[in-house]
2 protein chains.
Amino acid sequence: MNLRGLVCGPGSVAGSNSPARRPEVKKLLNDPADAVADSLAGFALAHPDLVRLSSTPVFVCRAGGAVTGKVGLVSGGGSGHEPLHAGFVGDGMLDAAVPGAVFTSPTPDQILPAIQAADGGAGVLTIVKNYTGDVLNFETAVELAVEEGIEVASVLVNDDVAVEDSLYTAGRRGVAGTVAVEKIAGAAAYRGTDLAGVAAVAERVIANVRSMGVALAAPVVPHVGGPSFDLGDDEIEVGIGIHGEPGRRRVPAAAADAVTEMLVTPVADDLDLGGGERVLLFVNGMGGTPLSELYVVYGRARRLLEERGVTVSRSLVGNYVTSLEMQGASVTVLRLDDELEALWDAPVNTAALRW
Amino acid sequence: MNLRGLVCGPGSVAGSNSPARRPEVKKLLNDPADAVADSLAGFALAHPDLVRLSSTPVFVCRAGGAVTGKVGLVSGGGSGHEPLHAGFVGDGMLDAAVPGAVFTSPTPDQILPAIQAADGGAGVLTIVKNYTGDVLNFETAVELAVEEGIEVASVLVNDDVAVEDSLYTAGRRGVAGTVAVEKIAGAAAYRGTDLAGVAAVAERVIANVRSMGVALAAPVVPHVGGPSFDLGDDEIEVGIGIHGEPGRRRVPAAAADAVTEMLVTPVADDLDLGGGERVLLFVNGMGGTPLSELYVVYGRARRLLEERGVTVSRSLVGNYVTSLEMQGASVTVLRLDDELEALWDAPVNTAALRW
């Protein structure tokens, strides 16, 4: 495999060349086989100030390329979770993102050039959500990158408290907490922290972040064509994964306040959150739930945390780690200290997160 | 009616006090009657740096209150279109937003105090989407505000090219183009432009912005309980309104490229866009369509405009003017000149739009 010299350049933006075939499912797509390519082409065209797209192999990198002397950050995983990860490429967060097919891990031949493109000479941190395919493929790519003389450290995000092992995972799954890992490690890298330091900050976020989600209705995977799972008209799935993997249990649909408690309690218990602590509270939409409902969940989650004596000092509400158009939401809580809070607050300029 | 002295203060954040009843529809809500109040309470708690919420009557205003000497901007309309309008309250855009019940106009007794709260002594511009209820209720509130000595100008947004008159409208409907009006007029106000000047800029945006939308699946209004309209399994509604009002026609589901053309062509024709012109291209999600699909539409829309010789110099892609969880999207095109482009680029700091 000779992938040296592959860079993410302005000339490499391209969509699919297939004639527009309509998908069998009712979606704003052409041929489902082109869904990821078409979407990434549009994404790159919409954000030329932030990103460049490489088409063969497919990955997204920062418009300006690697920042010399800065630790590079690379993440990736199956598509279908937009804006994760490409939406977080830019200043202050990721240097490259590697999208696989929908709900499918990217391959090592995509990941290796992304690592190369992100390397500014200070090494690269890969941020991997804990799914078996992602873990294996990132490991292979990292080995190849190391052979080429790039210093690489890796962290594994496993914030989902719902299940210990699951359909695609040994150990806990990585879900919405990934946004906090990428934001905070990204800020550390932009401060000039070295690779070991950036990895240590990322590990500290991982140690202090937990999530749990709920689904009200399943998404439709374009090339599959039907709902990913069946839920009764009056049923919700508590502890759902971001690929529709089974959660903890199915329960009758309930009021938002009750559902929110089913998410916040295991998260806060697992973090062993106590009075006097302060946190980031992140309510994430799964893609098909109105923003107005996410704020209802946020309000209740915040009150539940406050009842424990916990202060919510930072907040994020919106669709950041989705599962296509799945209806539902997840609650993520990150225990903060002065350093993590400052890194969260640091400037960021990406398509999906900007301040 | 004596509403003098009503201000939007930090003490006025409150949700509903009703016990959490579950809605009959499967949604992350409590009692549907509390949907708007619960959501706004969460919204205000999540963004204390940006907004304050008044509960009686309900409106949202800038956290810092009116800016002395600056023209105040007030918008509003039925809820269910989040983040419109409250998500655009902050620096560089709106000073106050007035949410009605879901898909229902706010009342004059909500609008008047919002105008009062936005008045920094330089007058207030109200930005109203062209729906009969909104128009009447804003007119009544404006008359009362003028009687109280506040200078008020009003503009009516009517960017939807789909239909001339519709269920709730005499003349064209106001849809996603509203975001451009609020952003650009907001920037003009922050530059210190006077009320006549801010109104003139807003009118210039309105004269140069057009939109058209498509629905793939209907939303469920919480207090109604079923889909807002029926669409066959293989049908889409071209020219849909943001309350599910009928559009131009129902057609068989088609590939994204073909559907995008059904939206871009009437928009570009209506604007009489010609070679050498430059535009903002805004692909708006209706709430329940994955972001990845919006980028597919964006890519095709951009190519169609470029084929006309039009340059897309600014872009926006995301869920900004939604219809609950309706599946679909709209395409908005704004003809730009140097001034409008500079005002679009000016800094903005709101919950939903920030740069």
Side-chain angles (χ1 to χ4, degrees), chain A residues 15 20-23 26-31 35-36 38-43 45-47 79-80 82-83 87 214 216-217 219 233-234 236 253-260 287-300 302 312 315 317 319 322 324-325 327-329 349 354-355, chain B residues 15 20-23 26-31 35-36 38-43 45-47 79-80 82-83 87 214 216-217 219 233-234 236 253-260 287-300 302 312 315 317 319 322 324-325 327-329 349 354-355:
Chain A
R21 219 183 71 188
R22 63 151 298 210
K26 201 156 62 160
K27 283 177 174 280
L28 289 170
L29 296 175
N30 299 305
D31 190 329
V36 172
D38 283 356
S39 180
L40 285 170
F43 176 77
L45 286 167
H47 305 289
S79 292
E82 290 72 21
V214 64
L216 280 66
D233 280 349
D234 202 42
I236 60 176
D257 280 2
V259 175
T260 304
T289 282
L291 185 59
S292 50
E293 295 180 29
L294 302 183
Y295 280 112
V296 173
V297 172
Y298 173 87
R300 178 62 176 161
R302 183 172 173 132
V312 174
S315 302
V317 182
N319 291 292
T322 61
L324 294 168
E325 71 281 74
Q327 289 187 3
N349 186 21
R354 186 150 43 182
W355 56 69
Chain B
R21 219 181 72 185
R22 64 150 299 210
K26 201 156 62 160
K27 283 177 175 282
L28 290 171
L29 296 174
N30 298 306
D31 189 328
V36 173
D38 284 356
S39 181
L40 285 170
F43 176 77
L45 285 166
H47 305 290
S79 290
E82 292 70 23
V214 63
L216 280 66
D233 280 349
D234 203 41
I236 61 177
D257 280 3
V259 175
T260 303
T289 283
L291 185 58
S292 50
E293 296 180 28
L294 302 183
Y295 280 112
V296 174
V297 172
Y298 173 86
R300 177 63 177 159
R302 184 172 174 132
V312 175
S315 302
V317 182
N319 291 292
T322 62
L324 296 167
E325 71 282 76
Q327 289 186 5
N349 186 22
R354 186 150 41 182
W355 55 70

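Just so it is clear, the values below take in all heavy atoms, side chains as well, and ignore hydrogens, waters and symmetry mates. In what follows, chains carry the letters A, B, and so on, assigned in the order in which the sequence lines appear, proteins first and then strands, with residues in each chain numbered from 1.
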**Prompt:** Hey, does Val296(B) have a side-chain heavy atom less than 4.5 Å from the side chain of Asp38(A)?
**Reply:** yes

**Message:** I want to check something: taking the side chain as every heavy atom from C-beta on, are Thr289(B) and Leu28(A) in contact at a cut-off of under 4.5 Å?
**Reply:** yes

**Prompt:** If you tally heavy-atom pairs under 4.5 Å against chain B, which of Gly288(A), Ser292(A), Gly287(A) wins?
**Reply:** Ser292(A)

**Asked** When rounded to the nearest 0.5 angstrom, what distance separates CG in Asn319(A) from CG in Leu291(B)?
**Response** 8.5 Å

Give me the atom names and distance for the closest heavy-atom approach of [X] to [Y].
X	Y	value
Gln327(B)	Glu325(A)	NE2-CG, 3.7 Å
Ala46(B)	Val317(A)	CB-CG2, 4.2 Å
Ile236(B)	Lys26(A)	CG2-CD, 4.0 Å
Asn30(B)	Ala256(A)	OD1-N, 3.2 Å

**Message:** Under the rule for side chain to side chain donor-acceptor pair (under 3.5 Å), what residues qualify as partners of Arg300(B), not counting sequence neighbours?
**Reply:** Glu261(B)

**Asked** How would you list, by chain and number, every residue that makes a salt bridge (charged side-chain N to carboxylate O under 4.0 Å, His left out) with Glu293(B), sequence neighbours excluded?
**Response** Lys27(A)

**Message:** Is Ala35(B) close to chain A through its backbone or its side chain, or both, or neither, when contacts mean heavy atoms under 4.5 Å?
**Reply:** backbone

**Prompt:** Side chain, backbone, both or neither: which part of Arg302(B) has a heavy atom under 4.5 Å from chain A?
**Reply:** side chain

**Item:** Aromatic contact, Tyr298(B) with His47(A) (centres under 6.0 Å)
**Value:** no

